[in-house]
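Down below is the structure, laid out as structure tokens.
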Amino acid sequence: MQTLRLMSHNQWKCDDNLPAWEEKGIDCSAEVRTRGFVQVYADTCPDIVGCQETSFKMADFLIRGLADAGMKYALLWGRDTPILYRQDKFELVDSAFALYPDECPGFDGVFNNNQTKSWNLGVFRIKETGKMFIFVSTHLWWKNNNPASASYQAGSNEARAYQMGLVIEQISAFQEKYHCPAILVGDMNARYPSLAIQRAFAEGFVHGHDVAVEFADETRGYHSCGKNGYGPYQTDPFPTAIDHILLRGIPEGCVRRFERFSPEYYLPLSDHSPVWIDLQL
């Protein structure tokens with residue numbers, strides 16, 4: 001049995017330095033921020049990272065930076081949801097990718113802004129033991145169902161639940177084919193009580209936070225980081241978090257830790273703290 005560190009990481013899709021940042025004497029370009037991500041992975045040592053909001057330029061800088069630092073990661077490309085994995089530790093057996101559709105049945109409007117919402121799936125074999133598992137990175141629709149919100153769009157909660165159902169259909173097909181457990185990670189833009197997360201629970205998934213036997217981080221893992229600069233970490237509790245790790249087919253007691261990485265140096269890198277589980281498999 002091996003302990004695997006499996007991470008979800010929204011990297012804030014921003015390629016070039018922005019005027020408000022430049023005025024403050026700081027740089028939010030892809031080249032600078034991916035150097036920070038290399039340090040994050042050096043500090044946390046993830047075996048697989050499911051990324052979200054990753055541009056072509058960011059991915060290029062990141063994979064080159066990791067190689068220069070002596071970290072042997074390969075990239076499974078998937079638009080804004082690529083997967084990084086340790087090529088010295090895993091064999092990629094199968095893969096699939098898809099954008100979520102623009103529509104949500106029963107509601108008007110587009111529910112995939114700029115074709116950025118997608119899922120990316122890899123079937124991995126652990127080289128040392130031969131055990132297999134499915135790992136999926138996803139990014140769900142982002143707008144709000146609250147009419148008072150500036151980002152309101154009717155049907156947004158339902159759209160996320162619909163997208164969750166679509167990715168679970170794919171996971172189910174791969175689990176039937178390979179008879180192995182599945183881990184679904186990502187920025188789901190949905191809080192713990194939401195329709196999307198509850199849909200996953202109804203389909204047999206559990207949350208890494210709920211089944212961790214040694215430690216479960218109770219923070220939200222979020223702060224402001226955007227075109228106008230960045231701010232301190234928000235103190236809202238775990239149920240308000242929108243970055244999740246969901247599992248199906250994992251024996252009880254195998255998730256050891258559920259943890260977020262939120263050091264001071266991370267603040268200008270992305271608004272989402274990386275979150276990971278330590279999983280014995």
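In this chain, numbering begins with 1 at the start of the sequence shown.
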> Can you list the steps and then say if L6 with I245 is a side chain to side chain contact (heavy atoms under 4.5 Å, CB included)?
Replying inline: CA-CA 9 Å; L6 308 178; I245 299 180; 5.9 Å; no
>> Between D47 and K89, does any NZ, NE, NH1 or NH2 come within less than 4.0 Å of an OD or OE carboxylate oxygen?
In response: yes
> Considering residues at least two apart in sequence or located in another chain, which fulfil the side-chain hydrogen bond (donor to acceptor under 3.5 Å, both in side chains) criterion with K13?
Replying inline: D80
> So if you build clusters from Ile, Leu, Val, Met, Phe, Trp, Tyr with side-chain heavy-atom gaps below 4.5 Å, do I26 and F37 land together?
Replying inline: yes
> Rounded to the nearest 0.5 Å, how far does CD of Q2 lie from CG of L279?
Replying inline: 11.0 Å
>> Please report whether the ring centroid of Y178 lies less than 6.0 Å from that of F124.
In response: no
>> Please list all pairs meeting ring pair (Phe, Tyr, Trp, His ring centres under 6.0 Å) that have one or both residues in residues 138-173, counting only residues at least two apart or in different chains.
In response: F111-W141
> Of the non-hydrogen atoms in S273 and R260, which two are nearest, and what is the gap between them?
Replying inline: CB-CB, 4.5 Å
>> Is it true that Y41 and H9 share a donor-acceptor pair across their side chains at a distance under 3.5 Å?
In response: yes
> Would you say W276 and I48 are hydrophobically clustered, going by side-chain heavy atoms of ILVMFWY under 4.5 Å?
Replying inline: no
> Regarding D43 and Y265, is there a side-chain donor-to-acceptor distance under 3.5 Å anywhere?
Replying inline: yes
>> Just checking E264: does its CD atom have more than 12 heavy atoms from other residues, nucleotides or ligands closer to it than 6.0 angstrom?
In response: no
> Going through the distances and angles, do M164 and R160 end up as a side chain to side chain contact (heavy atoms under 4.5 Å, CB included)?
Replying inline: CA-CA 6 Å; M164 179 67 79; R160 281 184 285 274; over 6 Å; no
> Judged by modelled atom types alone, do E53 and T116 share a side-chain donor-acceptor pair under 3.5 Å?
Replying inline: no
> Can you check whether L269 reaches W12 side chain to side chain, under 4.5 Å on heavy atoms?
Replying inline: no
> Does the side chain of S270 reach to within under 4.5 Å of the side chain of N10, using non-hydrogen atoms?
Replying inline: yes
>> Within the 4.5 Å heavy-atom criterion, are S156 and N144 side-chain neighbours or not?
In response: no
>> Is the distance between the ring centroids of F90 and F133 under 6.0 Å?
In response: yes
> Between D243 and H272, which heavy-atom pair has the shortest distance, and what is it?
Replying inline: OD2-ND1, 2.7 Å
>> One thing to verify: whether D60 and R64 come together as a salt bridge, which I'm taking to mean a side-chain N less than 4.0 angstrom from a carboxylate O.
In response: yes
> Should the heavy atoms of other residues, nucleotides or ligands under 6.0 Å from CD of E22 be counted, would the total exceed 12?
Replying inline: no
>> Can a side-chain donor-acceptor contact be found between Y100 and T138 if the only test is distance below 3.5 angstrom?
In response: yes
> Out of C28, S29, S55, which residue meets the side-chain contact (heavy atoms from CB on, under 4.5 Å) rule with D15?
Replying inline: S55
>> Suppose the criterion is salt bridge (charged side-chain N to carboxylate O under 4.0 Å, His left out): which pairs have a residue in residues 171-190, not counting sequence neighbours?
In response: D94-K177
> Are Y266 and W21 linked, directly or through other ILVMFWY residues, by side chains that come within less than 4.5 angstrom of each other?
Replying inline: yes
> What are the two closest non-hydrogen atoms of L166 and P101, and how far apart are they?
Replying inline: CD1-CD, 3.6 Å
>> Taking the side chain as everything from C-beta on, heavy atoms only, tell me whether L246 gets closer than 4.5 Å to F201.
In response: yes
> Would you say L84 and M7 make side-chain contact, with heavy atoms under 4.5 Å?
Replying inline: no
>> Could you tell me if E218 and H209 have a donor-acceptor pair between their side chains, going purely by distance under 3.5 Å?
In response: yes
> Salt bridge or not for E91 and K127, using N-O below 4.0 Å?
Replying inline: no
> In Å, rounded to the nearest 0.5 Å, how long is the span from CG of L66 to CZ of R86?
Replying inline: 12.0 Å
> So how far is it from Q39 CD to T44 OG1, rounded to the nearest 0.5 Å?
Replying inline: 9.5 Å
> Shared ILVMFWY cluster between F61 and F56, side chains joined below 4.5 angstrom?
Replying inline: no
> Between L267 and C225, does a side chain to side chain contact (heavy atoms under 4.5 Å, CB included) hold up when you go through it step by step?
Replying inline: CA-CA 7 Å; L267 288 169; C225 183; over 6 Å; no
> For the atom pair CZ (R191) and NE2 (H244), what is the distance rounded to the nearest 0.5 Å?
Replying inline: 10.0 Å
> Where do N120 and P82 come nearest, in terms of heavy atoms and distance?
Replying inline: ND2-CA, 3.6 Å
> So, T81 versus S137: side-chain donor-acceptor pair below 3.5 Å or not?
Replying inline: no
>> Can you tell me how the ring of F238 sits relative to the ring of H207, calling it parallel under 30°, perpendicular over 60° and tilted otherwise?
In response: perpendicular
>> Grouping I, L, V, M, F, W and Y whenever their side-chain heavy atoms are under 4.5 Å apart, do I183 and V206 come out in a common cluster?
In response: yes
> Of all heavy-atom pairs between Y230 and P268, which one has the smallest distance, and what is that distance?
Replying inline: CE2-CB, 3.6 Å
> Can you find a side-chain donor-acceptor pair between R248 and S172 that sits under 3.5 Å?
Replying inline: yes
> In Å, rounded to the nearest 0.5 Å, how long is the span from OH of Y222 to OG1 of T235?
Replying inline: 14.5 Å
> Just checking, any donor-acceptor pair under 3.5 angstrom between side chains of T219 and D217?
Replying inline: yes
> Is the backbone N or O of A212 less than 3.5 Å from a side-chain atom of E214, with the two atoms forming a donor-acceptor pair by type?
Replying inline: no
> Do E158 and N145 have side-chain heavy atoms sitting under 4.5 Å apart?
Replying inline: yes
> Distance from Q280 atom CD to I250 atom CD1, nearest 0.5 Å?
Replying inline: 11.5 Å
> Does the side chain of V136 reach to within under 4.5 Å of the side chain of F174, using non-hydrogen atoms?
Replying inline: no
>> To check you understand the geometry: which heavy-atom pair defines the closest contact between V185 and S8, and what is its length?
In response: CB-CB, 3.6 Å
> Do T54 and L62 pass the side chain to side chain contact (heavy atoms under 4.5 Å, CB included) test, and can you show the C-alpha distance, the side-chain angles, and the key distance before you say yes or no?
Replying inline: CA-CA 10 Å; T54 305; L62 182 56; 5.6 Å; no
>> Assess whether a salt bridge exists between R256 and D278, defined as any Lys/Arg side-chain N lying under 4.0 Å from an Asp/Glu carboxylate O.
In response: no
